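Notes for the one structure printed next.
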Amino acid sequence: MIRPIVLAAGAAAAMLPVSAVAQHAMAPGMTMPDASPKKTSARKAKPRVAVRRAPAARQGPAASPVDHSTMDHTAMGHAMPAAPAEAAQLPPASAPEVMPGMDHAQMDHGAMPAGQMAPAMQHDTMDHGAGGHAMIADPAYRAASDAALAKAPAGAAMAGMAMGTSAGFYSQGSGTSRLPAAEGPMRGYMTQAGEWMLMAHGYAWGVVTDQGGPRGRSEAFVQSMAMLMADRDLGDRFHIQLRTMNSLEPLMGARGYTNLFATGELANDRPLVDRQHPHDLFMELAAKLDYRLGNGATVFLYGGPVGEPALGPSAFMHRGSARYQPMSPITHHWFDSTHITYGVVTAGYATPAFQLEASAFKGREPDEHRWGIETPRLDSWSVRGTWTPSPFVAVQVSHGRLKEPEAQHPGEDENRTTASVQYARGGLATTFAYSLKDRVPGEKLSAFLAEATYELSAHHAVFGRVENVANDELFPDHEDPLHDTKFRVTKAELGYAYRLQIVGPLGLALGGTVAAYDKPAALEAAYGKAPVSWTLFSKLAVGL
């Protein structure tokens, strides 16, 4: 047993992008405009006018004024500014802008966990605005984000950073989905290249598993993903984000890896049962263009040859609640199977608290030829509404009409409805979700999911997932008497991960899981009376 574990861990290390070992520090030569406020009259105090405007920050709970002359900037790597005597403090009721011109007196430096910013980084020489990203200025949202990083491994993410136009009121999920701001900033390596802010994220899992019962098997495999995002402003109103995401999982072969009670897609023209298909080489190749309307509101357009429509919660590999889960959910094809779609266009309206969006996309799931890009098509649609009322909560409801999504069900379209609530706070990230697949014509199949990750400290994390799903694809052979019979199955899985930083944002998580199942008695002949599965894993990641 030791030998396959070592081989899997070695394969994981070999597949991680080499660039991941770069130090987690901002590029030299970054400059930040003088943040000291101008002297104003006693009647009205305004923050300094920015050269490049960003959406105004939503007002959070009033914070006590901060006296910069008494702050120990040197302890955080900041250069000590020469604060002029006449520099006035902004009153708590002021809402500072989030980008250039941001008043340091409004920034909650004390909430920033030690070690998250490079020692050589100096705020008086950084040009955050040119980088196409925002600093979280609202004290309540900044404190919630920093509380998550206090439990994360060193170097996992840069404190106070918010990608895109989110300004820290939520964290970006997959596609155009939202996660609670209290999950913390997107984890990975950030650097600046001219006016572009670049972010890299990636991982390689070496996994050994033994899936229980007569249908289970022992197996070692490697999962992988590499993601690159590039952000910048295009003038005062426009902001662009480019994304690419790739995987080497096609190297697994068409049948992917064993995962008891998982179904969906084909391999060698046969339906996959008790197995998880590999992801495609191209997981995302898309762009998002935002137009700022003012007062934190934007309209946006997202799309590309490979992307994710506005349907369901964020895909499982991008949720903090599933950060250390080595196996995909058995409900994957109920909630987030559309996260790789060949042809997507999404338009939406967004504010810090609400987002409404609609997508046109290709309904058919990817085929078993995983190395190429399939012909894009826009034959399906979806709509989604998301509510982020506080730093801790993200609620979404979505509905879509998919054109023949599954090759094993030709001629059957699908109405899919999902709802989810995600809650995060102080190292805890949770997801609670419901989905209904209504085949037209065909069965109505529902699924429930509850998962959570709790980062106890920078080294220790525990996690779990409970799923309940009605599935009629467990017996694909038309001659089997149980063919097309609907069975409701429950899977419960618990796990532990030990995390450690290697260098900069590069980290390693070592851990394992145990899973048990509840199923109807009619399935005992195929699956055994009480199957139990376990996994051991080694996850090498940029932004662990």
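Please read all numbers here as calculations on a predicted model, not as lab measurements.
Contact of the V306 side chain with the T341 side chain is not registered, since no non-hydrogen atoms from C-beta on lie closer than 4.5 Å. A 4.5 Å side-chain heavy-atom check between P185 and S145 finds at least one atom pair inside the cut-off. With a 4.5 Å cut-off on side-chain heavy atoms, R439 and D413 do not count as touching. Contact annotation: the side chain of E265 approaches that of P366 to within less than 4.5 Å [non-hydrogen atoms, C-beta and beyond]. Within the 4.5 Å cutoff, the side chain of E308 has no heavy atoms near those of the E284 side chain. The shortest side-chain heavy-atom distance between K403 and K362 does not fall under the 4.5 Å cut-off. Under the 4.5 Å side-chain criterion, counting only non-hydrogen atoms from C-beta, R416 is not in contact with H399. You'll find the side chain of Y203 stays beyond 4.5 Å of the side chain of S224, heavy atoms only.
Between M199 and the choices M227, M190, M161, the side chain to side chain contact (heavy atoms under 4.5 Å, CB included) rule is met once, by M190.
Formation of a donor-acceptor pair under 3.5 Å by the S533 side chain with backbone atoms of A515 is not found in this model. For the pair K539 (side chain) and R323 (backbone), a donor-acceptor distance under 3.5 Å is present. One N or O on the side chain of T430 and one on the backbone of Y423 form a donor-acceptor pair closer than 3.5 Å. Under the 3.5 Å distance criterion, the side-chain polar atoms of N468 are left unmatched by any main-chain donor or acceptor of R488. When atom types are taken as modelled, the side chain of D233 and the backbone of G235 share no donor-acceptor pair closer than 3.5 angstrom. Under a 3.5 Å cut-off, the side chain of R237 and the backbone N or O of R292 do form a donor-acceptor pair. Put simply, the side chain of S166 never gets that close to the backbone of S171: no donor and acceptor are under 3.5 Å apart. At least one donor-acceptor pair under 3.5 Å links the side chain of Q501 to the backbone N or O of G504.
Between the side chains of Q396 and S398, a donor-acceptor pair is found at a separation under 3.5 Å. Under the 3.5 Å distance criterion, with hydrogens and angles disregarded, a donor-acceptor pair is assigned to the side chains of E365 and H333. In this structure, a donor-acceptor pair under 3.5 Å is present between the side chains of T331 and E467. Judged purely by distance below 3.5 Å, without hydrogens or angles, the side chains of T176 and T346 never pair a donor atom with an acceptor atom. R370 and S247 share no donor-acceptor pair across their side chains, judged by distance under 3.5 Å alone. Using modelled atom types, one finds a donor on one side chain and an acceptor on the other under 3.5 Å when comparing T244 with N246. Looking at Q241 and R243, their side chains do bring a donor and an acceptor atom within 3.5 Å of each other. No hydrogens or angles considered: nothing links the side chains of Q355 and T386 as a donor-acceptor pair under 3.5 Å. With 3.5 Å as the limit, one finds no donor-acceptor pair spanning the side chains of T418 and S435. Y496 and H460 share a donor-acceptor pair across their side chains, judged by distance under 3.5 Å alone.
Atom CG of L500 sits about 6.5 Å away from atom CG of L510, to the nearest 0.5 Å. Note: L540 CG to L508 CG = 6.0 Å, rounded to the nearest 0.5 Å. Atom OH of Y498 sits about 8.5 Å away from atom OG of S457, to the nearest 0.5 Å. Separation of atoms OG1 (T351) and CZ (F169) is listed at 10.0 Å; rounding is to 0.5 Å. Considering OG of S321 and CD of E183, their distance stands at 6.5 Å, rounded to 0.5 Å. Rounding to the nearest 0.5 angstrom, the gap separating the NZ atom in K444 from the CG atom in D438 is 5.0 Å.
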> Under the salt bridge (Lys or Arg N to Asp or Glu O under 4.0 Å) criterion, do E451 and R319 qualify, and how do the steps go?
Replying inline: CA-CA 10 Å; E451 67 184 15; R319 299 193 296 256; 2.6 Å; yes
>> Working note: E455 + R187, criterion salt bridge (Lys or Arg N to Asp or Glu O under 4.0 Å); need CA distance, chi angles, decisive distance, verdict.
In response: CA-CA 14 Å; E455 297 179 282; R187 298 187 181 184; 2.9 Å; yes
> After noting the C-alpha distance and the side-chain angles of S382 and F361, does the key distance pass the side chain to side chain contact (heavy atoms under 4.5 Å, CB included) rule?
Replying inline: CA-CA 8 Å; S382 66; F361 61 98; 3.7 Å; yes
> So R401 and D379, salt bridge (Lys or Arg N to Asp or Glu O under 4.0 Å) or not? Walk me through it.
Replying inline: CA-CA 9 Å; R401 174 79 176 205; D379 57 14; over 6 Å; no
>> side chain to side chain contact (heavy atoms under 4.5 Å, CB included), that's the test. Do M197 and M229 meet it? Break it down for me.
In response: CA-CA 8 Å; M197 173 56 62; M229 298 171 59; over 6 Å; no
>> The test is side chain to side chain contact (heavy atoms under 4.5 Å, CB included); show your working for D290 and F238 and say whether it passes.
In response: CA-CA 6 Å; D290 288 88; F238 287 98; over 6 Å; no
> Please walk me through it: do W381 and S359 pass side chain to side chain contact (heavy atoms under 4.5 Å, CB included)?
Replying inline: CA-CA 5 Å; W381 60 266; S359 298; over 6 Å; no
>> Let's go through H318 and H339 carefully: what are the C-alpha distance in whole Å and the side-chain angles of both, what is the deciding distance for ring-ring contact (aromatic ring centres under 6.0 Å, His included) to 0.1 Å, and is it a yes or a no?
In response: CA-CA 11 Å; H318 297 278; H339 76 105; 7.7 Å; no
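A perpendicular orientation is assigned to the rings of H279 and H332, their planes being inclined by more than 60° (bins at 30° and 60°).
For R142 and D138, the salt-bridge test fails: no basic side-chain N is under 4.0 Å from an acidic carboxylate O. Salt-bridge annotation for E406 and K437: present, with a side-chain N of the basic residue lying under 4.0 Å from a carboxylate O of the acidic one. One finds no salt bridge joining K288 and D231 here, because no Lys/Arg side-chain nitrogen approaches an Asp/Glu carboxylate oxygen to under 4.0 Å.
Taking every heavy atom of both residues into account, A162 and A167 meet most closely at CB-C, 3.8 Å. In this structure, H201 and G543 approach most closely via the heavy-atom pair CE1-O, 3.8 Å. Closest non-hydrogen pair, W334 versus A470, comes out as CZ2-O, 3.2 Å. Nearest heavy-atom pair, G307 versus Y302, reported as atom, atom and distance to 0.1 Å: CA-OH, 3.5 Å. Here the closest heavy-atom approach between residue P180 and residue A424 is recorded as CB-CB, 4.1 Å. Across T513 and T535, no two heavy atoms sit closer than the pair OG1-OG1, 2.6 Å.
The side-chain tip of R232 points at the ring of W196 from less than 6.0 angstrom away and within 45° of straight on.
The environment of CZ in R364 is crowded: more than 12 heavy-atom neighbours from other residues, nucleotides or ligands sit within 6.0 Å.
In this structure, the ring of Y517 has its center less than 6.0 angstrom from the ring center of F261.
Partners of Y434 by ring-ring contact (aromatic ring centres under 6.0 Å, His included), not counting sequence neighbours, listed by chain and number: F448.
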